[in-house]
Amino acid sequence: MKASKKQWWRVCLTSVVVAFALACSCMIAGCGGGSGAVESKERVPEANVDPSRIDSGSYLADNGFGYSADVWYIDGDTSRPGFYLEAWTVVLPVFFDESGKPIDPNCDATIKDKHLVPSEECESGYDIVFVNPMTCYDSVSNTWYSRGDYNAVMAKVVNTKWKSLTNESIEIELREDGTLVESRDGEQAEAGTWAITAVDQVGLYWDDEDPAWNYAIHCDSNGKADKLDWGFDGSGDYARVD
């Protein structure tokens with residue numbers, strides 16, 4: 001009988017210790033004492049793209065703001081506020097509220113270590129890093145912005161070949177690794193790199209030149225990219241040949 005009582009007390013004591021340990025674990029996890037989900041949620045994304053290579057958008061589109069073609073909306077939701085990049089300068093984001101009214105529109109910006117930040121005299125505070133040309137994150141407001149589907153735009157032009165509309169001996173190839181090759185009469189002439197710079201735009205970088213020669217991506221009725229438009233006199237346009 002004594003042995004049974006000892007066993008019973010031992011079971012009760014063990015249960016209490018286990019329950020207490022579980023409660024402590026839950027409290028630590030709930031209060032952010034762990035190193036998992038909380039850190040992952042608060043971690044600032046890496047700045048993968050230099051803001052100087054982010055284009056404001058193509059002249060083909062019209063967003064109604066009159067400044068650029070592309071608008072970066074909170075979580076990509078067009079019913080929510082966001083910002084646009086003023087035309088001809090890639091370092092001036094103009095934020096707008098729910099009514100579309102600009103917030104501190106005359107605030108200049110600078111680039112520091114691939115971060116887009118406001119100048120000291122600005123009232124607005126932000127620290128934007130571009131994850132890719134379609135997605136960015138503001139670590140001041142902890143807000144994600146998007147202006148399109150990066151993978152969908154990339155798929156339109158990756159591994160494609162194009163022929164000059166003014167000189168049929170010139171062809172370019174946009175390779176999957178981001179390199180660009182120009183051929184003249186079938187012989188390689190120049191090399192460079194290419195990148196998506198806006199929701200309907202691709203940039204060609206010759207010999208690491210900066211900024212890029214930006215081309216608007218035209219698509220046919222089936223959504224297939226069939227022309228790269230330089231946007232000036234047409235002398236640099238290309239037609240799809242693959």
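- Under 3.5 Å, the side chains of Ser146 and Trp144 contain no donor-acceptor pair of N or O atoms.
- Using modelled atom types, no side-chain atom of Asn222 and backbone atom of Lys224 make a donor-acceptor pair closer than 3.5 Å.
- Atom OH of Tyr73 sits about 16.0 Å away from atom OG1 of Thr143, to the nearest 0.5 Å.
- For the pair Pro93 and Ala109, the tightest heavy-atom approach, listed with the atom from each and the gap, is CD-CB, 4.0 Å.
- In this structure, a donor-acceptor pair under 3.5 Å is absent between the side chains of Tyr145 and Asp75.
- We find the CG-CH2 distance between Leu180 and Trp206 to be 4.0 Å, quoted to the nearest 0.5 Å.
- Remark: Ile103 CD1 to Phe83 CZ distance equals 12.0 Å, nearest 0.5 Å.
- Proximity of Leu174 to Leu204: side-chain heavy atoms (C-beta onward) are separated by under 4.5 Å at one or more points.
- Of all non-hydrogen atoms in Gly125 and Val140, the two that sit nearest each other are O-CG1, 3.6 Å.
- Atom-to-atom distance recorded for Asn142:CG and Asp127:CG is 11.0 Å, nearest 0.5 angstrom.
- Counting heavy atoms from C-beta on, the side chains of Asn132 and Asn151 never come closer than 4.5 Å.
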Go through it in stages, so that I can follow the logic: the residues are His218 and Asp226, the test is side-chain contact (heavy atoms from CB on, under 4.5 Å), and I'd like the CA-CA distance, side-chain angles, deciding distance and then a yes or no. CA-CA 6 Å; His218 290 260; Asp226 61 356; 3.9 Å; yes

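- Considering all non-hydrogen atoms of both residues, Val153 and Ala198 come closest at CG1-O, 4.0 Å.
- Open room surrounds CG on Asp113; 12 or fewer heavy atoms of other groups in view lie less than 6.0 Å from it.
- Scanning all heavy atoms of the two residues, the minimum distance from Pro133 to Trp72 falls at O-CH2, 3.0 Å.
- Within a 6.0 Å radius of NZ in Lys161, no more than 12 heavy atoms belonging to other residues, nucleotides or ligands are found.
- Residues Phe95 and Tyr126 form a side-chain contact, since some pair of their non-hydrogen atoms from C-beta on lies under 4.5 Å apart.
- With contacts defined as side-chain heavy-atom distances shorter than 4.5 Å, the pair Val117/Thr110 qualifies.
- Between atom CD of residue Glu171 and atom CZ of residue Arg184 there is a gap of 12.0 Å, rounded to the nearest 0.5 Å.
- Put simply, Val158 and Val181 are part of two different groups of oily side chains (I, L, V, M, F, W, Y) that touch within less than 4.5 Å, one to the next.
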Set out, in order, the CA-CA distance, both residues' side-chain angles and the distance that settles side-chain contact (heavy atoms from CB on, under 4.5 Å) for Tyr238 and Ile170, then state yes or no. CA-CA 9 Å; Tyr238 291 86; Ile170 299 177; 4.3 Å; yes

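- Between Leu116 and Ile111, some side-chain heavy-atom pair lies under the 4.5 Å cut-off.
- At a threshold of 4.5 Å between non-hydrogen side-chain atoms, the residues Lys227 and Leu165 count as touching.
- No option in Val71, Thr78, Ile54, Thr135 other than Ile54 meets the side chain to side chain contact (heavy atoms under 4.5 Å, CB included) test with Arg147.
- For Glu190, the CD atom is densely surrounded, since the number of other residues' heavy atoms within 6.0 Å is greater than 12.
- With hydrogens and angles disregarded, no donor-acceptor distance shorter than 3.5 Å links the side chain of Asp229 to the backbone of Tyr215.
- Counting only distance, with no hydrogens or angles, the side chain of Trp194 and the backbone of Arg175 share a donor-acceptor pair below 3.5 Å.
- In terms of modelled atom types and a separation under 3.5 Å, the side chain of Asp237 and the main chain of Trp230 share a donor-acceptor contact.
- Taking 4.5 Å as the limit, some side-chain heavy atom of Met134 sits within range of a side-chain heavy atom of Val199.
- In plain terms, the two heavy atoms of Gly203 and Asn214 that are nearest each other are CA-OD1, 3.5 Å.
- To the nearest 0.5 Å, atoms CD1 (Ile217) and CG (Leu228) are separated by 7.0 Å.
- Closest non-hydrogen pair, Tyr205 versus Ala195, comes out as CE1-CB, 4.1 Å.
- Surrounding CD of Gln188 are more than 12 heavy atoms belonging to other residues, nucleotides or ligands, all under 6.0 Å away.
- Listed for the Asn159 side chain is a donor-acceptor partner under 3.5 Å among the backbone atoms of Glu176.
- Side-chain atoms of Val44 and Tyr137, non-hydrogen and from C-beta on, do get closer than 4.5 Å to each other.
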